[in-house]
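What follows is a single structure, written as structure tokens, with notes after it.
Since the model is a prediction, treat every value here as computed from it, not as a measurement. We're numbering straight along the sequence, starting at 1.
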Amino acid sequence: MTKQILVTGGCGFIGSNFIRYILEKYSAYKIINLDELTYAGNLANLKGVDHLPNYQFIKGDIGDKELVERLFKEYKIDVVVHFAAESHVDRSILGPEAFIKTNILGTFNLLEMARKLWLENLLENPPLFLHISTDEVYGTLGIGDPPFTEKDAYAPNSPYAATKAASDYLVRAYHQTYGLPTIITNCSNNYGPYQFPEKLIPLVIYRAYKGKTIPVYGEGCNIRDWLYVKDHCCALDLVLHRGRPGENYNIGAENEWRNIDIVYLICDLLDKKYPSKVHGIESFRELITFVKDRPGHDFRYAMDATKIKTELGWKPEYTFEKGIEETIDWYLNHMDWVENIISGDYQKFFERYYGMTL
Ligand code: NAD
Ligand code: TYD
């Protein structure tokens, strides 16, 4: 069976890993990758697969009505996998408007176009709309609280989380009201190759490698549940093929770490792989600097992934030890990729947010 899949945000971190995964596994599927190439999107993330006949890149905004309508019609889209978003909490604190525009209005435009074309009989079937969301919509947990389940109420705390929650609600409403077959996945923190180095794990690797200070917010005690990106892609593959429309699936690895412990782990692994002495220090841990905390910083996220495990048979394949080691090696071998994407825009953000130079 062939599928015509519109992937949005396929030049970002998870989207590019997902496209690689699908192209490798399903040669009969066609991927149309719609990406605006914001600071976070990078064509180099698809190097090596971008020449394939069943892959097509389209540069554009998910909020562009005419473009989205044309793509649905021209490629007879039967599945949308929607990654495109503004995704960094700290940026949402400095400037929420872009998050409203892409995460809420952009998602609305995709949903509305799918509904309209289906109702006008311009598409054979209603497209399946797989919406990629986050654990952050559920708010924050205390130590000892049970992990979030799909039944928990949303309580977003950052502008990023609020816009993702709003988009989740729209996706749900398009299923309940119009019968569009939609599925929402809410995943915990991802790590792995091609993640923009504004996020904790690649930021630590890059700054340590360069011998620069490693900023840890507050006392570094906040907790995140980390999942290797390839395990996320595998979960999305299962949801795409066997998930039930109208449902939400939580995805997480039961792999909770305090930020400071992750930072120590990366420093210690780097000490074994790359001599810190080139920077005149004995260990990369010496670079750790505690900085002012993120406003509204969620203390802990943890996901209960029982539903996707029991219903779809998913489980993560990567241990954290294996995933983090592969990730560090990937970054050490792709420092040119990192240097290339740290554009003027990222430098400006970094200086504004952290009050120090990149
Ligand atoms: P990312 O920031 O790395 O990539 C986002 C991509 O979307 C970029 O390629 C960017 O160019 C593109 N984009 C942004 N605005 C656009 C627009 N208006 N039109 C078209 N393209 C646009 O993000 P990511 O980390 O890969 O996250 C992907 C999705 O997964 C997001 O929806 C995010 O909320 C969700 N998610 C991420 C994580 C995580 O840990 N990274 C965890 C759970 C859920
Ligand atoms: P991040 O990777 O931005 O993901 P999220 O906020 O979506 O969970 O941050 C992960 C954790 O690391 C979060 O608790 C904030 C913290 N953090 C730092 O301590 N220092 C940093 O420079 C960054 C970017 C994050």
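- Here K272 does not pair with E325 in a salt bridge; the nearest charged N to carboxylate O distance is not below 4.0 Å.
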Checklist entry - Stepwise, does the salt bridge (Lys or Arg N to Asp or Glu O under 4.0 Å) test hold for K65 with E112? => result CA-CA 9 Å; K65 287 193 174 59; E112 185 56 9; over 6 Å; no

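- The local environment of CD in E339 is crowded, with over 12 non-hydrogen atoms from other residues, nucleotides or ligands closer than 6.0 Å.
- A distance below 6.0 Å separates the ring centres of Y26 and H241.
- Checked against the 6.0 Å centroid criterion, the rings of F284 and Y209 do not qualify as a close aromatic pair.
- Here the side chain of N186 pairs no donor or acceptor atom with the backbone of S133 at under 3.5 angstrom.
- Salt bridge annotation for D329-K273: present, with a cationic side-chain nitrogen under 4.0 angstrom from a carboxylate oxygen.
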Checklist entry - For T289 and V216, what are the C-alpha separation, side-chain angles and deciding distance, and is it a side chain to side chain contact (heavy atoms under 4.5 Å, CB included)? => result CA-CA 6 Å; T289 311; V216 173; over 6 Å; no

Next on the checklist: Let's go through L117 and K73 carefully: what are the C-alpha distance in whole Å and the side-chain angles of both, what is the deciding distance for side chain to side chain contact (heavy atoms under 4.5 Å, CB included) to 0.1 Å, and is it a yes or a no?
Outcome noted: CA-CA 8 Å; L117 297 177; K73 286 186 188 158; 3.8 Å; yes

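- Side chain of N157 to backbone of G296: no donor-acceptor contact under 3.5 angstrom is found.
- Counting only distance, with no hydrogens or angles, the side chain of S283 and the backbone of E286 share no donor-acceptor pair below 3.5 Å.
- The nearest pair of heavy atoms linking M303 to P147 is C-CB, 3.6 Å.
- A salt bridge links D268 and R285; the closest N-O separation between the charged side-chain nitrogens and carboxylate oxygens is under 4.0 Å.
- Between F148 and Y301, the two ring planes are tilted [angle within 30° to 60°].
- A253 approaches W226 most closely through the heavy-atom pair CB-O, 3.3 Å.
- A 6.0 Å sphere centred on CD of E74 holds more than 12 heavy atoms belonging to other residues, nucleotides or ligands.
- Between R20 and E24 there is no salt bridge, since no side-chain N of the basic residue sits under 4.0 Å from a carboxylate O of the acidic one.
- D135 pairs in a side-chain contact (heavy atoms from CB on, under 4.5 Å) with only one of the listed residues (N189, L227, L141, D298), which is N189.
- Judged by distance alone, with hydrogens and angles left aside, the side-chain atoms of H82 form no donor-acceptor pair with the main-chain N or O of H131 at under 3.5 Å.
- At a threshold of 4.5 Å between non-hydrogen side-chain atoms, the residues W337 and Y194 count as touching.
- Side chains of N54 and Y29: a donor-acceptor N/O pair is absent below 3.5 angstrom, by distance only.
- Taking the six-membered ring for Trp and the full ring otherwise, Y249 and W314 have centroids separated by 6.0 Å or more.
- With no hydrogens or angles considered, no side-chain donor-acceptor pair links N259 and W257 at under 3.5 Å.
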Next on the checklist: Using side chain to side chain contact (heavy atoms under 4.5 Å, CB included), reason through R294 and V89 one step at a time and then give a plain yes or no.
Outcome noted: CA-CA 9 Å; R294 172 188 278 172; V89 172; 3.7 Å; yes

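- Here the straight-line distance linking atom CG of L236 with atom CD1 of I14 works out to 8.0 Å at 0.5 Å rounding.
- Between P159 and F99, the closest side-chain pair of non-hydrogen atoms is not below 4.5 Å.
- A salt bridge between K307 and E311 is absent, with no side-chain N of the basic residue lying under 4.0 Å from a carboxylate O of the acidic one.
- With hydrogens and angles ignored, the 3.5 Å screen pairs no side-chain donor or acceptor of D35 with any backbone N or O of N33.
- Between the side chains of N42 and N340, no donor N or O sits under 3.5 Å from an acceptor N or O.
- A salt bridge is absent between D145 and R300; no separation between the charged side-chain nitrogens and carboxylate oxygens falls under 4.0 Å.
- Here the side chain of D152 pairs a donor or acceptor atom with the backbone of T149 at under 3.5 angstrom.
- Remark: aromatic rings of F196 and Y346 are close, center separation under 6.0 Å.
- A donor-acceptor pair shorter than 3.5 Å can be found between the side chains of T213 and R207.
- Using a 30° and 60° split on the angle between ring planes, Y217 and H297 fall in the perpendicular class, above 60°.
- The two residues N103 and S167 have their closest heavy-atom pair at O-CB, 3.2 Å.
- Between R224 and E136, no side-chain nitrogen of the basic residue sits less than 4.0 Å from a carboxylate oxygen of the acidic one, so the salt-bridge criterion is not met.
- Taking the charged nitrogens against the carboxylate oxygens, R258 and D261 do have a contact shorter than 4.0 Å, which makes a salt bridge.
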Checklist entry - side chain to side chain contact (heavy atoms under 4.5 Å, CB included) between Y206 and M335: does it pass, once the steps are laid out? => result CA-CA 8 Å; Y206 174 69; M335 275 301 159; 3.8 Å; yes

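- When ring centroids are compared, Y191 and F320 come within the 6.0 Å threshold.
- For the pair R91 and Y353, the cation-pi criterion (under 6.0 Å, within 45° of the ring axis) is not fulfilled.
- With contacts defined as side-chain heavy-atom distances shorter than 4.5 Å, the pair I288/I260 qualifies.
- You'll find the side chain of L180 stays beyond 4.5 Å of the side chain of H175, heavy atoms only.
- Closest of all the heavy-atom pairs between T8 and L110 is CG2-CD1, 3.9 Å.
- Distance alone, capped at 3.5 Å, is enough to place a donor-acceptor pair between the T163 side chain and the Y160 backbone.
- Contact record, E198 with L203: O-CD1, 3.8 Å, taken as the closest heavy-atom pair.
- Counting only distance, with no hydrogens or angles, the side chain of D231 and the backbone of E317 share a donor-acceptor pair below 3.5 Å.
- Judged by a 6.0 Å distance limit and a 45° cone about the ring axis, R115 is positioned over the six-membered ring of Y178.
- The shortest side-chain heavy-atom distance between E247 and E150 does not fall under the 4.5 Å cut-off.
- Only one option out of I184, V171, I183, L6 pairs with F129 in a side-chain contact (heavy atoms from CB on, under 4.5 Å); it is V171.
- By the 6.0 Å and 45° rule, K230 does not stack over the aromatic ring of Y228.
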